[in-house]
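From a predicted model like this one, the values you see are computed outputs, not experimental measurements. Here is the naming used below: chain letters follow the sequence lines, and residue numbers restart at 1 for every chain.
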Number of protein chains: 2
Amino acid sequence: MEKMIYEMHAGICTIFSNPKRLEIIDLLRDGEKSVNELSSLMDIPQANLSQHLSLMRQRGILETRREGVNIYYGIANPKVIKAFEIMREVLLEQLSKHEKMFKKIKSA
Amino acid sequence: MEKMIYEMHAGICTIFSNPKRLEIIDLLRDGEKSVNELSSLMDIPQANLSQHLSLMRQRGILETRREGVNIYYGIANPKVIKAFEIMREVLLEQLSKHEKMFKKIKSA
DNA sequence: TTATTATATGCGAATAATCTAATATATTAA
DNA sequence: TTAATATATTAGATTATTCGCATATAATAA
């Protein structure tokens, strides 16, 4: 039973394990964008972008809205942005810790 | 430059993309544990557990302390627990949303 | 030193994630 | 209906993760 929860939890978090998908989340932070808008901001083939978006939608991280010929993707739950930010903070803290260590070593 | 940040960010978040590793984080929430303790709580071969621990350590998520023959693993940054919790909330909200939908459909 | 316990590592097989290229579908305009 | 634009899907090749098994190392006790 608990095992299933961990599996679903991991399934959702898979979203964070790819740089392109993190970029998508970052680009959608301040509101929805169409595939086209994302595509023009992202240096990635359109098909590949669609694949990532589709995965993120399946996992319930993104939601879509059609407007004519465009499809707008938005972040389904703001908590996802929060988790994204927290993990980025973890990364930045790691980097600055390493930087301090290098300086210490250099000045020794 | 930004691309590198996304890659490192994804590298750290990889930690969340596997159910065993999530279980490890969950087990270490309230403090460090030795590999042996984890192993006896976890239904996973010892070698495989060590592999996960080693990966999480490399990524800076866990830190270790040796005490005699035992090695204690602990969570290096409490923010990791926070991110873990937030994503679990996202999951639970999804599940209850789906549950509500099922009930609606059944009663229709 | 040898035996024992705790932990880590290396390697290969199995599986999963990712990308590319081609093609399909859906909407709108002409 | 046809053409054009936006988006999605499929299949296959490539690469990365995960795991099991065997073995290695490290600390301690006898």
_Could you work out, with side chain to side chain contact (heavy atoms under 4.5 Å, CB included) as the rule, every residue matching B:K3, not counting sequence neighbours?_
B:E7

*Pairs where residues 30-44 of chain A contributes a residue and the test salt bridge (Lys or Arg N to Asp or Glu O under 4.0 Å) is met, not counting sequence neighbours*: A:E32-A:R65

*Considering only heavy atoms of chain B and a distance under 4.0 Å, specify the first and last nucleotide of DNA chain D in 5' to 3' order that meet this criterion.*
D:dT18 to D:dT28

*Who pairs with A:K97 by salt bridge (charged side-chain N to carboxylate O under 4.0 Å, His left out), at least two apart in sequence or on another chain?*
none

*asked:* Once ring pair (Phe, Tyr, Trp, His ring centres under 6.0 Å) is applied, what residue pairs with a partner in residues 8-47 of chain A remain, sequence neighbours excluded?
replied: A:H9-B:F84

*Quick one: ring pair (Phe, Tyr, Trp, His ring centres under 6.0 Å) pairs with a partner in residues 18-63 of chain A, sequence neighbours left out?*
none

*Pairs flagged by salt bridge (Lys or Arg N to Asp or Glu O under 4.0 Å) wherever residues 19-28 of chain B is involved - sequence neighbours left out*: B:D26-B:R29

*Can you name the salt bridge (charged side-chain N to carboxylate O under 4.0 Å, His left out) partners of B:K100, sequence neighbours left out?*
none

*Reckon B:Y73 has a side-chain N or O less than 4.0 Å from the OP1 or OP2 of C:dA8?*
yes

*Any side-chain heavy atom of B:L53 sitting closer than 4.5 Å to one from B:I71?*
no

*Where along residues 10-34 of chain B does a heavy atom fall under 4.0 Å from DNA chain D?*
B:N18, B:R21

*Partner residues of A:E63 under the salt bridge (charged side-chain N to carboxylate O under 4.0 Å, His left out) criterion, sequence neighbours left out*: none

*asked:* Tell me every residue that passes ring-ring contact (aromatic ring centres under 6.0 Å, His included) with A:Y72, counting only those two or more places apart in sequence or in another chain.
replied: none

*For DNA chain D, find the residues of residues 44-70 of chain A with a heavy-atom distance under 4.0 Å and give them by number; none if there aren't any.*
A:Q46, A:A47, A:S50, A:Q51, A:V69, A:N70

